[in-house]
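Side chains are part of it too, since the values below use all heavy atoms of this structure and drop only hydrogens, waters and symmetry mates. Sequence lines set the chain letters: A, B, ... in the order given, protein chains first and strands last, and positions in each chain run from 1.
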Protein chains: 2
Amino acid sequence: MKKYLAIYHDLVDKTKNNYWGEAEMLPSENSLTLEYDVSRETIRKALDLLAQNGYIQKVRGKGSVILNVNKFDFPVSGIVSFKELATNLKMPTRTIVNELSLIEADEKLQYKLDVEPGETVWKVVRTREISGEKVILDKDYFNKSIVPVLTKKACEDSIYEYLENKLNLKISYARKEITVEEPTNEDRELLDLDGHSNIVIIKSVVYLDDTTLFQYTESRHRPDKFQFVDFARRTQN
Amino acid sequence: MKKYLAIYHDLVDKTKNNYWGEAEMLPSENSLTLEYDVSRETIRKALDLLAQNGYIQKVRGKGSVILNVNKFDFPVSGIVSFKELATNLKMPTRTIVNELSLIEADEKLQYKLDVEPGETVWKVVRTREISGEKVILDKDYFNKSIVPVLTKKACEDSIYEYLENKLNLKISYARKEITVEEPTNEDRELLDLDGHSNIVIIKSVVYLDDTTLFQYTESRHRPDKFQFVDFARRTQN
DNA sequence: TTGCACAACATGTATATACAAGTTATAATA
DNA sequence: TATTATAACTTGTATATACATGTTGTGCAA
């Protein structure tokens, strides 16, 4: 339907598959205009997305340089689910659902999920196994007024897939915070800590399209298995 | 000069200073068109920047919702220099230049900075003190063919200010990687580790406007003083 | 041969227009 | 009264045009 998004995805695929070989240069905007039979502005919207996401660098007067994206990065950047992440990793992964329950929001959750005292929320605790080692502990909390039903099957498979495709929720943006803390007893119990005395915690607050808060997550990683990769652009002047 | 950037900065200031009070809603695009006396597309470019950087969320049919930005975050996100960061912190900070020298690139640096064997690069080692404690160790390496001269004064003040304003370099984007490792002897020597057995490392490769690589940096943080805050949007469908 | 001017081409900014599509309040209708 | 249509808003997509500005190679002139 949306032309600029279709073109964006097509160009992403082509850059990933080395379609332009070692040229390291995209065709000019005018060429692409002819190729896709759209206006130049539409091409520019697609190229802006490519630049935002680190696929290309636009150089004035010259053209768009293809940046060689590291394909085997561990992309915690953006909002990526473990399922999506696991497909990028070439290692065997497994998810264990430790808990799936409805609980009353305590004070911390009331604040984090912005719900009223006594309101019930979904609590999901999952252990992530990579190459046979339990190295990630995910604790998710969902606003029940937005996610009325949640099954163990969905938790084992992919909650995001369930939310987006079955419930038609439009997950839009998140605030993330990464810190390093001491492991709790729960961490020691559910993870193969292997003597490590620290744990990396990614706390995320996730919002829908219409700015409603619906999820709070703590993703707890064993430090030696943790890696965060980011592409950042300098602030506009 | 550039209208959409001027409008962007004006709107950022106004949202930060609660110009619209508790309304939590930006004026409509048409209102802003009249207010700034520009076309709607120009307004939309400014608003797209605000949305990208997490200041607003655009909701179709409704308008632009102002997201309350945490003003006291520790924003390692984006490409932010310690100088810029220190002004955000309300704590007293100090920079100690431990080393400023020209060295021959070893194998690792040849790879990271993409220089020839035997080429000389700038090496800068700086300790960052926050509230009297040495908690960050920054090791910077610059391509000498791009940065011919570097002074101790510039290192104590702000290298980025020097590079951007004096050398007119256009710093554009970076790839960052965050990991947790064991401290080295150098870390123990130059930092107040305070018994911590881990260190958080942010490795950055920084590029200019025209895609030339010019800097490799390792920013080494004491784990209890480390915090990374990020705003992320879900991938476009 | 060297250097300079210029044409050709690249991206960047700004505007105007048209229509699609989602939201909301109002007014007409059952 | 309750429901439904509608009008008047909102943002989203797509196009066309004009000119500014940076890059590169060609060819003329010294």
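- Nearest-nucleotide mapping onto DNA chain C: of A:S31 and A:M1, the residue sitting toward the 5' end is A:S31.
- Between A:Y4 and D:dT13, a side-chain N or O to OP1/OP2 separation shorter than 4.0 Å is present.
- No close placement of the B:F142 and B:Y216 rings is indicated, their centers lying 6.0 Å or farther apart.
- Taking side-chain N and O atoms only, A:S28 has no distance below 4.0 Å to OP1 or OP2 of C:dC9.
- Taking atom NZ of residue A:K45 and atom C1' of nucleotide D:dT15, one finds them 10 Å apart after rounding to whole Å.
- With rounding to whole Å, A:D210 atom CG is found 15 Å from D:dT10 atom C1'.
- A 4.5 Å side-chain heavy-atom check between A:Y141 and A:T217 finds every atom pair outside the cut-off.
- Between A:F231 and B:Y173, the gap from one ring centroid to the other is short of 6.0 Å.
- Counting only heavy atoms from C-beta on, B:R60 has its side chain closest to C:dA21 among C:dA21, D:dT13, C:dG12.
- A close approach under 4.0 Å does occur between a side-chain nitrogen or oxygen of B:K62 and OP1 or OP2 of C:dT24.
- Atom NZ of B:K166 is surrounded by 12 or fewer heavy atoms from other residues, nucleotides or ligands within 6.0 Å.
- For the OP1/OP2 pair of C:dG12 and a distance below 4.0 Å, the side-chain nitrogens and oxygens of A:R44 include at least one atom meeting the criterion.
- One atom, CG of B:L5, and another, P of C:dG12, lie 13 Å apart when rounded to the nearest Å.
- If you measure from atom CD of B:E29 to atom P of C:dA16, you get 15 Å, rounded to the nearest angstrom.
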task = Evaluate side-chain contact (heavy atoms from CB on, under 4.5 Å) for B:M25 paired with B:S64, printing each intermediate quantity in order.
result = CA-CA 6 Å; B:M25 212 74 169; B:S64 296; over 6 Å; no
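- Distance CG (A:L34) to C1' (C:dA10): 14 Å, rounded to an integer number of Å.
- Residue whose closest nucleotide on DNA chain C sits further toward the 5' end, between A:V59 and B:S39: A:V59.
- Taking atom NZ of residue B:K58 and atom P of nucleotide D:dT10, one finds them 12 Å apart after rounding to whole Å.
- The side chain of B:N30 contributes no N or O atom lying less than 4.0 Å from OP1 or OP2 of D:dC9.
- Per the geometry, CE belonging to A:M25 stands 10 Å off P belonging to C:dA10, to the nearest Å.
- Remark: A:T42 is in phosphate contact with D:dT15, judged by side-chain N or O atoms under 4.0 Å from OP1 or OP2.
- Between A:K3 and the phosphate of D:dT15, there is a side-chain N or O to OP1/OP2 separation shorter than 4.0 Å.
- Distance from the side chain of B:E41 is smallest for D:dA14 among the nucleotides D:dG12, D:dA14, C:dA10.
- Within the structure, a side-chain polar atom (N or O) of A:K2 is placed less than 4.0 Å from OP1 or OP2 of D:dT13.
- Regarding A:R40, its CZ atom lies at a distance of 12 Å from the C1' atom of D:dA16, rounded to whole Å.
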